[in-house]
Protein chains: 2
Amino acid sequence: MTKEASLKFHMGMGMLINSAHRAMTKRFVQNAMDSGSDISLDQWMVLGPIWQLGSASQKELGEICLKDKTSITRLVDALERKSLVVRIEDQLDHRVKRVVLTNSGKQLFFDVLPIMEKTREEVRENISDEDIDTFKSVLSRIINNLGDGK
Amino acid sequence: MTKEASLKFHMGMGMLINSAHRAMTKRFVQNAMDSGSDISLDQWMVLGPIWQLGSASQKELGEICLKDKTSITRLVDALERKSLVVRIEDQLDHRVKRVVLTNSGKQLFFDVLPIMEKTREEVRENISDEDIDTFKSVLSRIINNLGDGK
DNA sequence: CTATATTAGTTGCTAATGAAACTAATATTA
DNA sequence: TAATATTAGTTTCATTAGCAACTAATATAG
């Protein structure tokens, strides 16, 4: 392998994905903070499905968020510490814990929705819908090629 | 915002990027491990430019790898612990530390190169070069829109 | 019905990240 | 040249992630 080919690799996809992801996360957290909400992107991504579904088991959250159960445990821990959600033991299957939003969880959800939209627009500036579609389709195919990485 | 719109968001880019990145990282580390090399993707991404350049200051590594200086310090720490690199104080500017590969660093570099190539092929399966180009261009534009997130 | 397997979730360990405060060396400028 | 600012890198503290080993509860097989 030539040094040039190596350079090409190093400027490759992995690094770009890493960097883009970091930048998006940082911007979202910053925007939320600027408008007075203290929440990480991962915490937000868990909150949404709970709101949608009314309640969700941790397993369900893992499937929806493409995260492993350990990560979900800890995200729910963090959300519970902030009093945004509570765990409720499932009455039918005592292994299962259903996670539900508290009132302040619902409040925060609605506060942060417009922040999310704002961040999304900042991310997509100068990028056509068509390119975004291709982009998402490539991501899905990568995940498909490799398994979801959970 | 409707629940459907929310779902759309939650299946959005952020999560896909996150998941794809995690899957790629995991596959690379797994492939390396399977062939007997113990190295993380981030460590590898630092190693490459050092090999290319012969030696590199930590600042240079940060610029090339799009990582902040703290991360570089710690990655170089890890590589030094594994005896893959050494830090050498720059003779002209004593603030600067130049990082160079040891012999086992070079050895590992050449051992892992084909693993990288293999992983890259696995990632790109069923994805046309054209889509990859669009994909990378979207990533670059996102990074550009937001700053590099370092 | 009892032994075994599976499932949901948690915990301990290790690695990576980011911000801010810090040290030592070099550059600037008055 | 002396005082100040900037730069390269490190350290500290807090957060986050993944893997593997673990617990408790349910489901399955004999």
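Values in this document were obtained by computation on a predicted structure and should not be read as measured data. Sequence lines set the chain letters: A, B, ... in the order given, protein chains first and strands last, and positions in each chain run from 1.
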Starting the side chain at C-beta, find the nucleotide from dG9(D), dG12(C), dA19(C) nearest to Thr70(A). dG12(C)

Does the base of dG18(C) carry an N or O that pairs as donor and acceptor with the side chain of Arg74(B) under 3.5 Å?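 Flag set: donor-acceptor pair detected.
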
Could a donor-acceptor pair under 3.5 angstrom be found where the side chain of Lys69(A) meets the base of dG9(C)?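 It does, because a donor-acceptor pair links the side chain of Lys69(A) to the base of dG9(C) below 3.5 Å.
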
Whole-Å distance separating the [atom1] atom of [X] from the [atom2] atom of [N]:
X	N	atom1	atom2	result
Asn18(A)	dA17(D)	CG	P	14 Å
Asp68(A)	dT7(C)	CG	C1'	15 Å
Met33(A)	dA19(C)	CE	P	11 Å
Lys97(A)	dT23(D)	NZ	P	15 Å
Leu66(B)	dA16(C)	CG	C1'	16 Å
Ile72(A)	dT16(D)	CD1	P	13 Å
Lys26(B)	dA16(C)	NZ	C1'	17 Å
Phe28(B)	dA16(C)	CZ	C1'	16 Å

Less than 4.0 angstrom between a side-chain N/O of Gln58(B) and OP1 or OP2 of dT10(D), yes or no? yes

Does Arg22(A) put a side-chain nitrogen or oxygen below 4.0 Å from OP1 or OP2 of dG18(C)?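 Result: yes.
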
Is there a side-chain hydrogen bond (donor to acceptor under 3.5 Å, both in side chains) between Gln58(B) and Arg87(B)? Walk through the geometry before answering. CA-CA 9 Å; Gln58(B) 298 189 191; Arg87(B) 288 172 163 102; 2.9 Å; yes

Quick one: label [X] by what it contacts on the DNA or RNA (base, sugar-phosphate, nothing), any heavy atom closer than 4.0 Å.
X	value
Glu60(A)	nothing
Thr73(A)	base
Asp77(B)	nothing

Nucleic acid contacts - residues 84-95 of chain B versus DNA chain C, non-hydrogen atoms under 4.0 Å: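 Those residues whose heavy atoms fall under 4.0 Å from DNA chain C, taken from residues 84-95 of chain B in numerical order, are Leu92(B), Asp93(B), His94(B), Arg95(B).
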
Carefully, step by step, assess Asp42(B) and Lys67(B) under the rule salt bridge (Lys or Arg N to Asp or Glu O under 4.0 Å). CA-CA 10 Å; Asp42(B) 286 320; Lys67(B) 288 185 179 293; 3.2 Å; yes

For salt bridge (Lys or Arg N to Asp or Glu O under 4.0 Å), just list the numbers for Glu117(A) and Arg120(A), CA-CA rounded to whole Å, side-chain angles, deciding distance to a tenth of an Å, and then say yes or no. CA-CA 5 Å; Glu117(A) 190 48 42; Arg120(A) 189 221 273 275; 3.5 Å; yes

Got a sec: does the CD of Glu89(A) have more than 12 other heavy atoms crowding it under 6.0 Å? yes

Residue met sooner reading DNA chain D from 5', once Val76(B) and Ser71(A) are mapped to nucleotides: Val76(B)

Please determine which of Val99(A), Val46(A), Leu75(A), Asp77(A) meets the side chain to side chain contact (heavy atoms under 4.5 Å, CB included) test together with Val85(A). Val99(A)

Please lay out, stage by stage, how Gln107(A) and Asn103(A) fare under the test side-chain hydrogen bond (donor to acceptor under 3.5 Å, both in side chains). CA-CA 6 Å; Gln107(A) 181 61 54; Asn103(A) 284 330; over 6 Å; no

Flag the pair Val123(A) / Arg27(A) as yes when at least one side-chain heavy-atom distance between them is below 4.5 Å, and no otherwise.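 Side chain of Val123(A) against side chain of Arg27(A), heavy atoms only: no contact under 4.5 Å found.
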
